[in-house]
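No hydrogens, no waters, no symmetry mates; every other heavy atom, side chains included, goes into these values.
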Amino acid sequence: MSKHAMLRSALNGRRFFTVMAAHNPLCARLAEEAGFDGIWGSGFELAASYAVPILPMGIHLEMMRAIASVVATPVIADIDTGFGNVVNVSYVIPQYEAAGVSAVVMEDKTFPKDTSLRAGGRQELVNTETFQGKIGAAIDARQNNNLVIIARVEALIAGLGQEEALRRAYAYQEAGADAILIHSRQKTPAEILAFIDAWAGRVPLVLVPTAYPQLTESTIAASGKVGIVIDGNHAIRAAVGAMRSLFG
């Protein structure tokens, strides 16, 4: 079974899929060795490894290609906002698909974006119709129908509330997204749990519980609504801590 088919099959069969972030091929190999189902090509983690807040598409794309070439598990690429408008998305998707990724996550912020968890960050969202167009462009541009398109809803990050987050999530589902990533910067999982409880959509949810690690995988899986959980940024944090200790 191809990597694309592995991820698609897990989502369609509602099999819980665990993903670990990686910022280079060695890190990805170690995550695969540990038993994770897939690799998260995090924009934040890779940028942090370069000691900058954000990177251009080219550097991220080449690292996704390098990571995908050394693991047998699916790679999910964080493509931020799609690096521009619908025209950019139409160009970007085939590039990432050719690099070997099995899914892309695209968020509904303005371009260029600011990191979601940065204190005082600029969290501006595009209108719903604009992002639906970008989802449509991604679907039209993919060569393999098993390439998973995940729409990331940033309404909770932007402080717009549950109603707006749900409205956008349903709109993105109708535009053809294969899954919905709902993100929160709160230190407890209450906001995310409320969203999960309210979600009645037909596509699975994706969580990145970096800010609220007390939410366990068993609790997430028990909801029956979450298809993927991404452990984001742990590898780069561990690497920084280990290097500081060693160098000291």
Exercise. For the pair Asp178 and Arg142, evaluate salt bridge (Lys or Arg N to Asp or Glu O under 4.0 Å) and give the outcome as yes or no after the intermediate values.
Key: CA-CA 13 Å; Asp178 297 304; Arg142 66 183 173 191; 3.2 Å; yes
Quiz prompt | Stepwise salt bridge (Lys or Arg N to Asp or Glu O under 4.0 Å) check, Arg167 with Glu163 | solution = CA-CA 6 Å; Arg167 186 188 69 80; Glu163 184 176 342; over 6 Å; no
Practice problem: Determine, stepwise, if the pair Asp78 / Asp80 fulfils side chain to side chain contact (heavy atoms under 4.5 Å, CB included). | Solution: CA-CA 6 Å; Asp78 174 13; Asp80 293 340; 3.5 Å; yes
Quiz prompt | side chain to side chain contact (heavy atoms under 4.5 Å, CB included) assessment of Val206 paired with Ile182 | solution = CA-CA 6 Å; Val206 180; Ile182 183 65; over 6 Å; no
Practice problem: Could you go through the salt bridge (Lys or Arg N to Asp or Glu O under 4.0 Å) check for Arg185 and Glu154 one step at a time? | Solution: CA-CA 10 Å; Arg185 64 193 303 163; Glu154 290 284 286; over 6 Å; no
Exercise. For side chain to side chain contact (heavy atoms under 4.5 Å, CB included), just list the numbers for Ser102 and Ile76, CA-CA rounded to whole Å, side-chain angles, deciding distance to a tenth of an Å, and then say yes or no.
Key: CA-CA 6 Å; Ser102 298; Ile76 301 174; over 6 Å; no
Practice problem: Could you check Glu217 against Phe16 for side chain to side chain contact (heavy atoms under 4.5 Å, CB included), going step by step and ending with a plain yes or no? | Solution: CA-CA 9 Å; Glu217 288 187 356; Phe16 194 56; 3.9 Å; yes
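For the pair Thr210 (side chain) and Gly232 (backbone), a donor-acceptor distance under 3.5 Å is present.
Residues Thr81 and Glu107 have side chains that never bring a donor and an acceptor to within less than 3.5 angstrom of each other. A donor-acceptor contact closer than 3.5 angstrom is absent between the side chains of Asn12 and Ser9.
Annotation: side chain of Tyr172 is in contact with side chain of Val153 (closest heavy-atom distance under 4.5 Å). Between Tyr91 and Phe83 there is no side-chain heavy-atom pair separated by less than 4.5 Å. Looking at Val87 and Ser90, their side chains never come closer than 4.5 Å, going by heavy atoms from C-beta outward. By the 4.5 Å heavy-atom criterion applied to side chains, Arg8 and Val148 are counted as neighbours. Ile192 is listed as a side-chain neighbour of Leu207, based on a closest heavy-atom distance under 4.5 Å. Residues His234 and Glu45 fail the side-chain proximity criterion, which asks for heavy atoms closer than 4.5 Å. The closest side-chain heavy-atom distance from Asp37 to Thr73 is not below 4.5 Å. Between Tyr96 and Met57 there is a side-chain heavy-atom pair separated by less than 4.5 Å.
The minimum heavy-atom distance between Ala194 and Gln162, with the atom names listed, is CB-NE2, 3.7 Å. For the residue pair Gln214 and Thr188, the shortest heavy atom distance occurs at NE2-CA, 3.5 Å. Counting all heavy atoms, side chain and backbone alike, Gln173 lies closest to Val203 at OE1-N, 3.2 Å. Nearest approach of Ala68 to Ala99, heavy atoms of both residues: CB-O, 3.5 Å. Taking all atoms of both residues into account, the shortest heavy-atom contact from Ala21 to Ala235 is O-CB, 3.8 Å. Ile39 approaches Val19 most closely through the heavy-atom pair C-CG1, 3.4 Å.
Using a cutoff of 4.0 Å between basic side-chain nitrogens and carboxylate oxygens, Asp108 and Lys134 are not scored as salt-bridged. Salt bridge status for Arg168 with Glu164: present, with a side-chain N to carboxylate O gap under 4.0 Å.
Tracing side-chain contacts under 4.5 Å through hydrophobic residues (I, L, V, M, F, W, Y), one reaches Leu46 starting from Val52; they form part of the same cluster. Note on Leu205 and Tyr212: same hydrophobic cluster, where clusters join Ile, Leu, Val, Met, Phe, Trp and Tyr whose side-chain heavy atoms are under 4.5 Å apart, directly or indirectly.
Within the model, atoms NZ of Lys3 and CG of Leu147 stand 13.0 Å from one another, a figure rounded to the nearest 0.5 Å. Note that CG of Asn145 is 9.5 Å distant from CD1 of Ile139, once rounded to the nearest 0.5 Å.
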